[in-house]
Structure formats: structure tokens, C-alpha cells
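First comes the structure, then the notes that go with it.
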Amino acid sequence: SKAAAWNAEEVKAELLKKYPPKVARKRAKQILINEALENETPEISANVRTIPGIITMRGCTYAGCKGVIMGPTRDIVNLVHGPIGCSFYAWLTRRNQTDAGPDGENYMNYCFSTDMQEQDIIFGGEKKLAAAIQEAYDLFHPRSIAVFATCPVGLIGDDIHTVAAKMKEKLGDCNVYAFSCEGYKGVSQSAGHHIANNQVFRHIVGENDEVKPGKFKINLLGEYNIGGDGFEIDRLFEKCGITCISTFSGNSTYDQFASAHTADLNAVMCHRSINYVADMLETKFGIPWIKVNFIGAAATAKSLRKIAEYFGDKKLIARVEEVIAEEMPAVEAVAAEVRPRTEGKTAMMFVGGSRAHHYKELFNEMGMKTIAAGYEFGHRDDYEGRRVIPDIRVDADSRNIEEIEVEADPTRYQPRKSPKELEALEKAGYQFKYYDGLIPDMDNGTLVIDDLNQYEAEKLVELIKPDIFCAGIKEKFSVQKLGVPMKQLHSYDSGGPYAGFQGAVNFYREIDRLVSSKVWGYLKAPWQRDPQLSASYNY
Ligand code: CFN
Ligand code: HCA
């Protein structure tokens, strides 16, 4: 392994060297050298604005709301009010998969947009939006139509909520509601998650009180069926005898959201994107939530056990053990097969708001070390694994950006207090929720970097040369051109599923192929490698 050949302090200094002093000071608070085991890692600055001029890896609020949270639901018509590019460039790129069954409704392959033009920007687009809702209704008669605002909608002041309410009333049997998720709001996708959570809770959850059959009823929150992950998790739930009432939101339906309040437990997979729904279900309906992670075979086993323990049913606990015992041998066999080639190799991961942490487990199982990791838009609670349970105002108006900023209130989030201070806070009535966070899980001396940008990504790869680099499409080719294999942990390139037991097997094999390939050594042309050849070409 090349791991020992670099020094974290030097790397950090090198990353900051090119910035003007003010920018360097700000970035320094987002680049940490991990010492979490001694609990001495300084506080990370997260969920803050990207400094203008920096080419961030982040996406926008519209992406977080329409693309991430609402996008994977198959029988809601997701209508984007905006210029066509916002729809076109988000069309099926996330690889969230759907199986509607033989007769099921599925609008996933469609791309619905009002296709705003210059005249709509000047004279207003409300009439065009109402007409588009009517057209979608006439064509498909969907159970529900969701309207999403893009940047210009907020700038010109189209009142999409009033249009949606009027159309809902006019259509009668179709729930129509809107999301003020203009791309420029907030600092990243994260604001869009919050807006989507609030609206889905206000307009859909609780609409269907019908009690579904099943003994152990859960909702799976924060699982989006990327590359079929959700299908593998569903397979395991079924095998164990756990009933999944709703998934937020991979391969989900309107009715699943509407019935979510009939479940007994919420299992939260991606905390960042859906914690607001988890909190609201707890506050309004008394359904508690636990953190799970189905990325990694050990993590999957642990999460299934956690769910069974919550119900405390002897038969369920025994069944879960049976399933684990049945599934693990195949996983362990492949892990043992790849390990001679993967052991000791190094990985870097810069993804979203939970995967940079979740995937560390899978690399661990292959004997690989994560030497640098970070989120694009995680908050401090995602880094530190501890948060105050907020008192959610369920009826707060999500059109108001203030509600999003509630989270920045320092009295609500006290994640890095000493045990004594925490005790005092707990006595004062604050309730904490604890779960695994990225920082406590990283080894000493590794790098934790928030909102990594394109420049720093290339610098990191040049300086440390990891055996594999994981991020998104914007990083894919610049990294590979530096001679380092790159795995997309958003879309999984064309692969997956990587969740659950079968997913772990897929991942081991894929990473083995990538880090063992000799192709990266042939990246330089002969004359670039050999000075003598180079001289003879340059006569
Ligand atoms: S599927 Fe999720 S797991 S929802 Fe979130 S924070 Fe994004 S779209 Mo890309 S891959 Fe990524 Fe996470 Fe949760 Fe995906 S790490 S950035 S907004 N994300
Ligand atoms: C988004 C979606 C994204 C982008 C992935 C990428 C996804 O943030 O808008 O940059 O490759 O997972 O599809 O995160």
C-alpha cells in the first residue's frame, strides 16, 4: 500500500496553497485531519455556502426535491415548471429503478415539463402551468400530480401553490400540490430534501387509514432504489417476514406515502435526505425511527437484527438469524476470493450526504482503507453522528425558507459538546439521537473534507494516488485521466445493486476488477514515459 507515503498536514497545506487568503481560511475549516478516536477532531464547517468561483460538486435545491425525493415515485406525474433543460438533464440520470408489475402505473420514463419560453418569463407562466396540469390529467388520469419550481419561477413570482390548489379542486379526483424548490434556494440539494419532506408530509401522508396486513410493519426511509438496491432490500424483508408499508421513495407509489402512518417503525437508511419525515412521523403519529444501513454485508446483518430487536418477537429474531446464516456463506466466499488482490488498497469517497460513510463498510469488508472521504452537502450531524431531536413544526409553511434555516440554530444541534455538557443539556430537556457518523468511523490521520471541489479532487488524486476514487459523473473522467480508476457511487455507473448481501457480492467483484486492472498503467503514451523516445520524436 502507498498509504504511508503521504502526510495529511502537507496534503492539506498543498490543497489550500493556491487559494487567496480569505478563501483558504474558509476552506481550512472544511478540510479536517481526523483524530476522532481521541475526540479531538476540530468542528467541521458543513452545510455552508460554496465560495463563488469554486467549481463545487454539489447540485441544486430542485435536484434534491424533484430528482432525489419525489423522482423515484412511479405513479405520481412529476411536472416541472421551467425551461426544458432542467427536465432534460435530470431525465433518468439517477438510475432509480422501478417495477410497476404487469398492470401498475409508471410514469418514470416520461419527462414532464411546461417548457417555459421567453414570453412566459415576461408575462408569467401560471396559465401555461394550469394548462399543462390539465393536459397531463387528460392524457393519464394519474392519482396525483406534483409541480416543481425551477429558478425562474421564483424570480418572476408565479404562484404555483395557488395554481395547484385550484387544479386540485377542479379535477376532483387528483391530488395536486406544488414544491417551491427553486434551484437557488439554500446551499445545496439538502434544502430541496427538506422542502420535499414537508410537502409530502402535508399533502399525502395520512390520506389512507386502511390497515394493511402484516405483523411487523415498517417504513423504509431514505432508500431510492438506485441500481436496484431497494429490490434487494425488499427481497430480504420478505424473506424475514417484515412488511414494508412504504419506501421513501424508491419504486414507491402515492398510496405508500398515504399509508406511511400505519407502520409501527421507521427504518432510516439515508438520514440526510429524509430525517424530516422521520421526525414528523414520530411527532405526529408516534412512530419511532431507528438508523439502519444496508450497504455492506455486516451492516445489513446488523440492520436486520436491529429491526427484529425493536419488535422483540422471538420468532422474528430467529428467522432473521436464519436468513443471515443462509445468505452470508456466498458473500464470505467472494470476499475471500477478492481479498488477496484488494487487501490494503486505498479508497477515497466524496459523495452526497450519506454514501461517503455507508460505503466505507463495503470497502472494509474487502480489507480496503478509506483514506479520505467527505460529503457534498451533509450537515454536522451526518459527520458527527449525534443530533438533538428537534421539535418539528408540522404545519410550518415550507414555502418559507426560514424553516430550512431552523436547523442552523445552535441550540438545536449540539453535537460536539463534552459528555458533561451533554448531560446538562439532557437534563435541560434536550433529547439526543445517536447513530454512526462519518468522523467517528474514520481512522486517525485520514482526511475528512466537506464540499470537495473539482480542483481539490484532482490535487488529492495527484498527491496521494489512491487505488480507487469514488464520486459522481463530473469527477469521473478527470480522475481517470490521471490514471486512477473511478467508481461512481451515485449512479453506480451501469452496475448495482450494491445493497444487501447480493449487492455486496456485486460490489466486491466490481471493485476487484477496477483496482486489479492493468489498463491504468498504459495511460501514458510510450514517448511520455520514455525521455529518450520523447527526444527522438521532438527533433
Ligand atoms: S441516492 Fe441518496 S443516499 S438521497 Fe442523497 S444523500 Fe444524492 S442523488 Mo447522488 S447518490 Fe447521493 Fe446520498 Fe441520501 Fe443519491 S450520497 S448525492 S441527494 N444521495
Ligand atoms: C443530483 C443527483 C446525483 C448526481 C450524481 C452525479 C445523483 O445531485 O442531482 O453527480 O453523478 O446521484 O444522480 O447526486
Side-chain angles (χ1 to χ4, degrees), residues 46-47 55-73 80 85-97 148 150 181 183 186-197 220-230 233 247-252 268-278 291-295 349-360 362 373-379 381-383 438 450-454 457 469-479 486-499:
N47 191 31
I55 313 288
T56 176
M57 291 175 176
R58 284 172 167 175
C60 67
T61 295
Y62 157 80
C65 180
K66 187 266 175 190
V68 174
I69 308 297
M70 299 309 289
T73 307
V80 176
C86 299
S87 294
F88 184 78
Y89 292 106
W91 189 12
L92 299 179
T93 56
R94 192 159 165 251
R95 298 194 68 243
N96 51 283
Q97 299 191 357
F148 300 90
T150 57
C181 56
V187 302
S188 70
Q189 291 96 311
S190 180
H193 301 150
H194 201 158
I195 292 165
N197 278 230
L220 179 59
L221 305 190
E223 165 46 54
Y224 301 93
N225 205 22
I226 311 303
D229 278 355
I233 300 171
T247 301
F248 284 65
S249 56
N251 194 34
S252 62
V268 176
M269 170 88 188
C270 168
H271 167 269
R272 178 69 272 134
S273 59
I274 209 78
N275 69 85
Y276 320 97
V277 162
K291 181 75 184 69
V292 293
N293 174 24
F294 291 102
I295 301 296
M349 268 173 273
F350 294 93
V351 216
S354 70
R355 291 190 175 174
H357 179 215
H358 286 166
Y359 274 80
K360 193 178 167 289
L362 264 176
Y375 300 127
E376 287 169 50
F377 52 77
H379 298 204
D381 42 359
D382 304 300
Y383 281 105
L438 176 66
D450 182 62
D451 189 16
L452 189 79
N453 56 56
Q454 301 285 312
F469 190 91
C470 305
I473 189 64
K474 300 191 289 303
E475 295 73 57
K476 176 96 186 166
F477 301 103
S478 59
V479 168
M486 197 282 183
K487 179 68 192 169
Q488 292 189 65
L489 285 192
H490 297 263
S491 68
Y492 301 165
D493 297 291
S494 49
Y498 296 138

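Ligands are counted one by one from 1 in listed order, and the atoms in each one are counted from 1 as well. Index from 1, following the sequence.
- When ring centroids are compared, Y498 and Y492 come within the 6.0 Å threshold.
- Residue pairs meeting the salt bridge (charged side-chain N to carboxylate O under 4.0 Å, His left out) criterion with at least one member in residues 57-69, sequence neighbours excluded: R58-D451.
- Applying the side chain to side chain donor-acceptor pair (under 3.5 Å) test between H490 and each of R355, E376, R94 identifies E376 as the sole match.
- Protein heavy atom closest to atom 5 (Fe) of ligand 1, with residue, atom name and distance, is F377 CZ, 3.9 Å.
- Looking at R95, its side chain does come within 3.5 Å of a backbone N or O of S491 through a donor-acceptor pair.
- When the ring-ring contact (aromatic ring centres under 6.0 Å, His included) test is applied to H271, the partners found at least two apart in sequence or on another chain are W289, Y435.
- Heavy-atom proximity to G352, at under 4.0 Å, picks out these atoms of ligand 1: 11 (Fe), 15 (S), 16 (S).
- Ring to ring, H193 and F377 are close: their centroids are under 6.0 angstrom apart.
- With H490, R94, Q488, Q189 as candidates, the residue nearest to atom 2 (Fe) of ligand 1 on a non-hydrogen basis is R94.
- Heavy-atom proximity to V68, at under 4.0 Å, picks out these atoms of ligand 1: 4 (S), 8 (S), 17 (S).
- The backbone N or O of G59 lies less than 3.5 Å from a partner atom in the side chain of Q189, making a donor-acceptor pair.
- At distances below 3.5 Å, not a single donor-acceptor pair connects side-chain atoms of D229 with backbone N or O atoms of N225.
- For ligand 1, the atoms closer than 4.0 angstrom to any heavy atom of G353 are 6 (S), 12 (Fe), 15 (S).
- In this structure, H358 falls outside the shell of residues with a heavy atom less than 4.0 angstrom from ligand 1.
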Between ligand 2 and the protein, find all N/O pairs closer than 3.5 Å and give the distance for each.
{"from": "ligand 2", "atom 1": "8 (O)", "to": "Q189", "atom 2": "NE2", "distance (Å)": "2.8"}
{"from": "ligand 2", "atom 1": "11 (O)", "to": "I473", "atom 2": "N", "distance (Å)": "2.7"}
{"from": "ligand 2", "atom 1": "12 (O)", "to": "H490", "atom 2": "ND1", "distance (Å)": "3.1"}
{"from": "ligand 2", "atom 1": "14 (O)", "to": "H490", "atom 2": "ND1", "distance (Å)": "2.9"}

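- Proximity of S354 to ligand 1 is established by a heavy-atom distance of less than 4.0 Å.
- Shown here, atom 9 (Mo) of ligand 1 is in close reach of the protein: a heavy atom of it lies under 4.0 Å off.
- Of all atoms in ligand 1, numbered sequentially from 1 with element shown, those under 4.0 Å from a heavy atom of H193 are 17 (S).
- For ligand 1, the atoms closer than 4.0 angstrom to any heavy atom of C270 are 3 (S), 4 (S), 6 (S), 13 (Fe).
- Smallest separation of non-hydrogen atoms from I233 and E223: CD1-OE1, 3.7 Å.
- Taking the six-membered ring where the residue is Trp, Y276 and H194 present parallel rings, their angle staying beneath 30° rather than reaching 60°.
- By the ring-ring contact (aromatic ring centres under 6.0 Å, His included) test, Y375 pairs with Y383, sequence neighbours left out.
- Here the protein heavy atom with the shortest distance to atom 4 (S) of ligand 1 is Y224 CE1, 3.3 Å.
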